[in-house]
Structure formats: structure tokens, C-alpha cells
Amino acid sequence: MKLAFSTLSCPNWTWEQVLDAAVRFGFDGIEIRGIAGQMDLTKIEPFLPERIEATMGKLRELGLQICCLGTSVVFHDPNNYNRAIQEGRDSIDLARRLGVPYIRIFGDKIPDPSRKQETVELVSRGFGELATYAEQTGVTVLIETHGDFSRSDDLLEVFRHASGNAKGILWDINHPYKLGGEPMAETYVKLSPFIKHVHIKDTKGQGRSARHCLVGQGDVPVKEAVDLLKQGGYDGWLSFEFEKKWHPEIEEPEVALPAYVQHMRSLI
């Protein structure tokens, strides 16, 4: 298994700072979720068409990979559907040019529980449209255990009804456990055939009020998740999603990133 970090952990860093930290702290790769405040991935300077060749050359020189592009694509809002599809297609095209294997999308919310099935069908349609578009590109579209789609059964319903073959699941180990109330082993058993990428985070507290903390200092059973993945033969990425972008009060990346590598290397 390889270690990466999401750039949510360092929202104000430049691309050069991100690369320097990845090498200095011993990471294998980087998950992109904005750079220096720019959340539109297609507008990030190192990813502009005229810069991509140089960017890829620098990554090869440093022995790093971009493991995933974290998009803002959500499909729970029918009024935003076409815009989400366009962002998804643009992100797939960018991932293809950069040689990135995955993009991440959300189901996100169920605005009206009495109309849950309509939302599930809309999310399935959007996910499937992107998974079909991604075929033949070498890019796989991943839907994350996140928000109102944290429970395994809800996410599997979306997954199984989505068309297209270029699809998989991103297992964020915190959300099914804290938001869905699922034991770690139950989530893994249900989702394991489709897991392509993993987000690691640790939190203290319950439900949506849980607070981010350094990995190993919270009450998410991170070791159990890693052991389940090892036993199942998972050899992909363990990406640290430390959401400094959304929670500026938590520890600085200079503290959180090396602590993650140290803790995770001991578990792997």
C-alpha cells in the first residue's frame, strides 16, 4: 500500500510547496483537491495544457504520482446536473492527460428523505454517465462514502444502478463508521469488491460533530481498517484527507503530514 495526502490538508500551499512536502515527509503520491486556493482543477497553473508535460516530468524526477483528482461533482441537485456532468467530463479529460487513474465524485445529500429514491436515481444516472464517458480513457470514476451516502447499502444501490464500466468506490473510513453507524468490518465486507481508493482520517466524537485530529489520536479504528485491507490484498493508495481547508482550526500540515506517515508506516 502507498501513502498519499489530499491537498485539502494544505489549502494555501503552492504546487512547489506541495511537492517539497511530499518528498520531505516520505509520501509516495498526492491527491489533488485544489492548489493555493484554486478549487477548479482545470485552472491550476501546473495543470494547464502548456504546463502538463513539464509537470509530469517533475513528478517523475521526484518519484511521485498524482493518485486521484478530487472534484466538486455532486448529483443530488437536479438544477445543477448539467454543470456537474461538464465538470466531471473536464476532470476525466484532465486526469487522462496527467496519467491519473481516478477522479472522485460525491452523491452528497438527500435533500428530502420522502423523495430519497428520486435522489438515488439521479445520483446513479450522473455517476453512470461519467463512468460511461471515462471508458477507453484509462480513468476510473469513484464515488465516495460521504455525506448522506455514507452507509454501504445506500452507496451500493447507487453503484449497482449506475451504467458504465469505468467505476469504483472510494472508501472514506470515517464516514460509514461515524455518520452511518457501521462497524468497520461490515463496511469493508460489503464494499471490498469495488474499493479502488481509500481515504484515511481520524476524528474524535460522534456523528457530524466529530472533530478532525492527528491519525492515531482519535476514536476511528484506523488499524482495523488497514488490517482488513491487508487481509483482502489491497495494494492501492491510503490517502490522508485532513480537511484543513474546511476546518482551519485543526493542526498545521507541517505537523499533521509527517505524523500521518510515521503512524501509517507502523501499521502497514
Next on the checklist: Does D227 form a side chain to side chain donor-acceptor pair (under 3.5 Å) with Y188? I'd like the steps, not just the answer.
Outcome noted: CA-CA 11 Å; D227 287 344; Y188 177 75; over 6 Å; no
Checklist entry - Any side-chain heavy atom of I66 sitting closer than 4.5 Å to one from F47? => result yes
Checklist outcome for this item: Output for pair (N174 CG, E241 CD), nearest 0.5 Å, gives 9.0 Å
Checklist entry - Would you say K230's side chain and L267's backbone share a donor-acceptor pair under 3.5 angstrom? => result yes
Item to check | Heavy-atom side-chain proximity of T132 to L130 below 4.5 angstrom | outcome: no
Next on the checklist: Between the side chains of K116 and D148, is the shortest nitrogen-to-carboxylate-oxygen separation below 4.0 Å, so that they form an ion pair?
Outcome noted: no
Item to check | Heavy-atom side-chain contact between I143 and V158 under 4.5 Å | outcome: yes
Item to check | CD1 on I30 to CG on L69, rounded to 0.5 Å | outcome: 11.5 Å
Checklist entry - With under 30° as parallel and over 60° as perpendicular, where do the rings of H197 and H199 fit, or are they tilted in between? => result perpendicular
Checklist entry - Counting heavy atoms not belonging to E50, are there more than 12 under 6.0 Å from its CD? => result yes
Item to check | Minimal non-hydrogen separation, M264 against V215, with atom names | outcome: SD-CG1, 4.2 Å
Checklist entry - Looking only at atom types and distance, does a side-chain atom of D172 sit under 3.5 Å from a main-chain N or O of I200, one as donor and one as acceptor? => result no
Next on the checklist: Quick check: F27 with F25 (ring centres under 6.0 Å apart)?
Outcome noted: no
Next on the checklist: Evaluate R104 against E31 for salt bridge (charged side-chain N to carboxylate O under 4.0 Å, His left out), listing each step before the verdict.
Outcome noted: CA-CA 10 Å; R104 184 283 314 272; E31 179 168 345; 5.1 Å; no
Checklist entry - Under the criterion salt bridge (charged side-chain N to carboxylate O under 4.0 Å, His left out), which of E249, E252, E251 is the partner of K244? => result E252
Item to check | Greater than 12 external heavy atoms within 6.0 Å of K109's NZ | outcome: no
Next on the checklist: Quick one, E157 with Q117, criterion side chain to side chain donor-acceptor pair (under 3.5 Å). Give me CA distance, side-chain angles, the key distance, then yes/no.
Outcome noted: CA-CA 10 Å; E157 184 176 3; Q117 194 56 39; 3.2 Å; yes
Checklist entry - Does a donor on one side chain sit under 3.5 Å from an acceptor on the other, for D90 and Q86? => result yes
Checklist entry - Do E87 and R83 sit within salt-bridge range, that is, some charged N less than 4.0 Å from a carboxylate O? => result no
Checklist entry - If you measure only the distance, is there a donor-acceptor pair under 3.5 Å linking the side chains of S152 and E182? => result yes
Checklist entry - In Å and rounded to the nearest 0.5 Å, what is the OG1 to CD1 distance from T140 to I169? => result 12.5 Å
Checklist entry - More than 12 non-hydrogen atoms from neighbouring residues, nucleotides or ligands closer than 6.0 Å to CD on Q17, yes or no? => result yes
Next on the checklist: Side chains of K178 and T203: any donor to acceptor distance under 3.5 Å?
Outcome noted: yes
Item to check | Pair W237 + Y102: ring centers closer than 6.0 Å | outcome: no
Checklist entry - Between F5 and Y260, is the gap from one ring center to the other below 6.0 Å? => result no
Checklist entry - Between Y81 and F75, does the ring centre distance come in under 6.0 Å? => result yes
Checklist entry - H175 vs H146 aromatic rings, parallel, tilted or perpendicular, using cut-offs 30° and 60°? => result perpendicular
Checklist entry - Taking the side chain from E135 and the backbone from N165, do they hold a donor-acceptor pair closer than 3.5 Å? => result yes
Item to check | Carboxylate-amine/guanidinium proximity below 4.0 Å for K201 and E243 | outcome: yes
Next on the checklist: What verdict does the side-chain contact (heavy atoms from CB on, under 4.5 Å) test give for L170 and V198, after you've listed the backbone C-alpha separation in whole Å, the side-chain angles of each residue and the deciding distance to 0.1 Å?
Outcome noted: CA-CA 6 Å; L170 191 164; V198 177; over 6 Å; no
Checklist outcome for this item: Between R33 and W246, the two heavy atoms sitting closest are NH2-CZ2, 4.1 Å
Checklist entry - Would the number of heavy atoms belonging to other residues, nucleotides or ligands and lying under 6.0 Å from CG of D235 be above 12? => result no
Next on the checklist: Please determine whether a side-chain nitrogen of the Lys or Arg among D28 and R265 lies less than 4.0 Å from a carboxylate oxygen of the Asp or Glu.
Outcome noted: yes
Item to check | E121/H161 under side chain to side chain donor-acceptor pair (under 3.5 Å): CA gap, chis, key distance, verdict | outcome: CA-CA 8 Å; E121 290 172 2; H161 285 89; over 6 Å; no
Item to check | Contact summary for A134 and A166, nearest pair of heavy atoms | outcome: CB-CB, 3.8 Å
Item to check | Neighbour count above 12 (heavy atom, 6.0 Å) for R51 CZ | outcome: yes
Checklist entry - Should the pair H247 and H212 be assigned to parallel (<30°), tilted (30 to 60°) or perpendicular (>60°) ring geometry? => result tilted
Next on the checklist: Apply side-chain contact (heavy atoms from CB on, under 4.5 Å) to residues L238 and K2 and explain how you reach the verdict.
Outcome noted: CA-CA 6 Å; L238 302 176; K2 297 165 287 189; over 6 Å; no
Item to check | Verdict with reasoning, I35 to T14, per side-chain contact (heavy atoms from CB on, under 4.5 Å) | outcome: CA-CA 6 Å; I35 297 289; T14 65; 5.6 Å; no
Checklist entry - Has K167 got its NZ or CZ under 6.0 Å from the middle of the six-membered ring of F194, at an angle within 45 degrees of the ring axis? => result no
Item to check | Stepwise side-chain contact (heavy atoms from CB on, under 4.5 Å) test for L19 and L62 | outcome: CA-CA 8 Å; L19 294 179; L62 296 175; 4.0 Å; yes
